[in-house]
Amino acid sequence: MPPESVLPEPQWKDAELLDALLIPALQGNFPRDSAAFVRIDTSLRVYWHTLFDICPQLLELSGPDGLAIFRPFMAWAAQQQLSMNWAVYLWLCRWLQQSEFAARVDEELVFTLMAASVARWATGDRSADCGIVLSAAGHGDLLVGWKCHTPDGGRAIERVGLATPLPEPDEQFGYFTLPDFALDRFDGWQAVPR
Amino acid sequence: MRIGFNFTLGSTMGLVQRLIRERRIDYCELLIDNFLQVPPAQLAAAFDCPLGFHIMFSKFLESDVDYLEAMAERLHRHIEALQPLYVSDHIARFNHGGRQLYHLAEIDYDSEYRHVRDRVEYWQARLGQRLHLENYPSLLGGGRAAPEFFARLIRDTGAGLLFDVSNAICAQRNGVIAAEAWLPLIEAATHFHIAGYRESILAPKLTLDTHDAPLADDTLEFLARYRTHFDKPGATLTYERDDRFDEAEIDRDLAALRAIFPRLDDREHADAA
Ligand SMILES: [Fe+2]
């Protein structure tokens, strides 16, 4: 039996609901019982898991469904036109620090979010660079992420304290990339991308 | 039909090595852009079997040319050194308005043809290689236009279709288009994917291409019913698994695929017996 006869006729194209795929507030523009609504939900859930599976401590702030963080952060990210690249966790940190949760953003959470962002760089970046170094003003240690460089390896993340610390970045976070698998240079901090 | 398994990074190396050793697979498909920092000679030494290359994040329909030029150069080194069975990439949307879509979206087959054709021509030329392009697991009605779009694209660019059987079954289950609509394209294609799917959390249920579950009956039945459309010299079928690596389940699925496409030497043994 052709499935068309048993399933509701899909009326939408992905191309018509792209905005809603990453803005939770727009999901409500689609009927709750439509395939479009479920398709949007499927997309939004990937953002949710990318934040909360990687940093489950966030759920201690927001409550178990994460929505008290997820919905306002995603709305802010849309307003700020964040690209949602590897630095998304750093922007989340910044958002948290000016939110009702600000008092609960401790050093451990900052490092967790920094580690998540360098890990995402190390698996997602496609440039010829091999590593990334991330620093937070006022937080001493560096977070270093390395791409996979052996067949059976994976990305690697290190928290590094230098005997002679590097100068602090001008902004809250700064990063630089490494062209080889060696932490042997410092060319100054770059501002994290939007 | 050669049967393969995908290798994306790290933790499943032991599983993949066992599948190779036990001859449950004939080749391995690398998510190649995860390995561009690994010297090709090390990859060659690590896998005692042929390799296929699956490119995940070229985003070649959207990326700027500088990015693609640099990536092509690096991919090319690996292609030259490892001589993969095929090189494949995706027809899908990775960004919207400069923002990343974490769940890839389907392109608009009605309005994007010329751009896609031009980019496929460019990307093939830069890789110095015929590209095999994967069909999207359609969730919504726009996917109805996919087979016709791919037929035209393949005719105009000389690219191949990397036909993902379960993506087509997902689209069928989502009421978008019958998997049979792809039959002429399947007959012309050489490289295939297959994987398990899962239903969406919310209703009305959509079928999602999740790569984390055993092969479904409808997927295996489609493969068995049209096995002669699939089987041909040089054909490959990659079993994709990206989560929930239940080894007994994976062994069973690979055996089910092998039952549909017996090895030539196994068939001879059966005849002799
Ligand atoms: Fe696939």
Side-chain angles (χ1 to χ4, degrees), chain A residues 2-19 21-23 32-50 77-78 81-86 88 123-131 146-155 181 194, chain B residues 7 9-11 13-14 17 33-39 42-43 45-47 57-59 63 67 70-71 73-74 93 95-103 105-112 136 138-145 172-178 200-206 208:
Chain A
E4 281 84 350
S5 61
V6 292
L7 286 168
E9 181 82 356
Q11 300 168 23
W12 300 92
K13 288 180 187 184
D14 260 9
E16 293 164 337
L17 35 87
L18 292 171
D19 286 337
L21 295 185
L22 64 180
I23 304 179
R32 173 61 192 81
D33 59 354
S34 67
F37 189 95
V38 179
R39 192 271 174 271
I40 292 163
D41 184 73
T42 300
S43 171
L44 293 172
R45 270 172 208 276
V46 185
Y47 293 95
W48 191 100
H49 286 292
T50 302
Q81 285 294 296
L82 299 187
S83 70
M84 310 303 282
N85 69 4
W86 61 271
V88 65
T123 48
D125 182 80
R126 292 300 184 252
S127 73
D129 291 321
C130 298
W146 301 106
K147 291 181 184 173
C148 169
H149 69 293
T150 57
D152 58 351
R155 51 133 182 91
F181 285 97
R194 239 173 214 284
Chain B
F7 182 58
L9 206 60
S11 62
M13 185 57 127
Q17 292 298 344
D33 37 326
N34 271 346
F35 298 98
L36 292 178
Q37 257 74 8
V38 181
Q42 280 192 33
L43 286 171
F47 296 96
F57 288 118
S58 72
K59 313 177 186 184
S63 299
Y67 173 91
M71 192 171 179
E73 205 179 299
R74 301 167 66 230
R93 178 179 288 281
N95 290 283
H96 170 55
R99 311 189 65 214
Q100 287 185 14
L101 297 170
Y102 288 4
H103 187 271
E106 187 156 37
I107 66 161
D108 183 358
Y109 300 112
D110 298 327
S111 67
E112 298 186 52
Y136 182 89
S138 304
L139 298 162
L140 300 175
R144 201 162 292 163
Q172 170 170 288
R173 293 174 57 87
N174 291 330
V176 176
I177 187 164
S200 61
I201 305 213
L202 297 187
K205 295 291 186 184
L206 291 178
L208 309 172

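Just so it is clear: chains get the letters A, B, ... in the order the sequence lines come, proteins before strands, and each one is counted from 1.
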Exercise for review: Please step through side-chain contact (heavy atoms from CB on, under 4.5 Å) for the pair B:His103 and A:Arg39, ending with a clear verdict.
Suggested key: CA-CA 10 Å; B:His103 187 271; A:Arg39 192 271 174 271; 3.2 Å; yes
Review point. So do the side chains of B:Leu139 and A:Val38 get within less than 4.5 Å of each other, counting heavy atoms only?
Key: no
Practice item. Please state whether the side chain, the backbone, both or neither of A:Asp129 comes within less than 4.5 Å of a heavy atom of chain B. Key: backbone
Point to revise | Heavy-atom pair of closest approach, residues B:Gln42 and A:Thr150 | key: OE1-CA, 3.9 Å
Revision key, fill the gap. Looking only at A:Cys130, A:Ser43, A:Ser127, A:Gly154, the option with the highest number of non-hydrogen pairs under 4.5 Å against chain B is A:Ser127
Review point. Any idea which of A:Ala77, A:Pro151, A:Ala15, A:Gly124 has the most non-hydrogen atom pairs under 4.5 angstrom with chain B?
Key: A:Pro151
Check your understanding: Is the shortest heavy-atom distance from the side chain of A:Tyr47 to the side chain of B:Leu101 under 4.5 Å?
Key -> yes
Exercise for review: Taking the side chain as every heavy atom from C-beta outward, state whether A:Asp152 and B:Gln17 have any atom pair closer than 4.5 Å.
Suggested key: no
Review point. Side chain of B:Tyr102, backbone of A:Met84: donor and acceptor closer than 3.5 Å?
Key: yes
Review point. Which pair of heavy atoms, one from A:Asp14 and one from B:Ala105, lies closest together, and at what distance?
Key: OD2-CA, 3.3 Å
Point to revise | Best-contacting candidate, A:Leu21, A:Leu44, A:Leu82, against chain B by heavy atom pairs under 4.5 angstrom | key: A:Leu82
Revision key, fill the gap. CD (A:Glu16) and CG (B:Leu140) are apart, to the nearest 0.5 Å, by 9.0 Å
Exercise for review: To the nearest 0.5 angstrom, please state how far the CZ atom of A:Arg126 sits from the CG atom of B:Asn34.
Suggested key: 5.0 Å
Review point. Is there side-chain contact between B:Arg99 and A:Leu22, with heavy atoms separated by less than 4.5 Å?
Key: yes
**Study point:** Engaged part of B:Phe7 at the chain A interface, taking heavy atoms whose separation is under 4.5 Å
**Key:** side chain
Review point. Quick one: CG on B:Leu206 to OG1 on A:Thr42, what's the gap to the nearest 0.5 Å?
Key: 6.0 Å
**Study point:** Segment of A:Ser34 engaging chain B (4.5 angstrom heavy-atom cut-off)
**Key:** backbone
Practice item. Identify which of B:Ile107, B:Ile201, B:Asp110 forms the greatest number of heavy-atom pairs closer than 4.5 Å to chain A. Key: B:Ile201
Study note, to complete from the structure: One should read off an interatomic distance between A:Arg32 CZ and B:Leu202 CG, to the nearest 0.5 angstrom, of 5.0 Å
Study note, to complete from the structure: CG of B:Asn95 to CG of A:Leu18, rounded to nearest 0.5 Å, is 10.5 Å
**Study point:** Atom pair CG/CD of A:Asn85 and B:Gln100 - distance to nearest 0.5 Å
**Key:** 6.0 Å
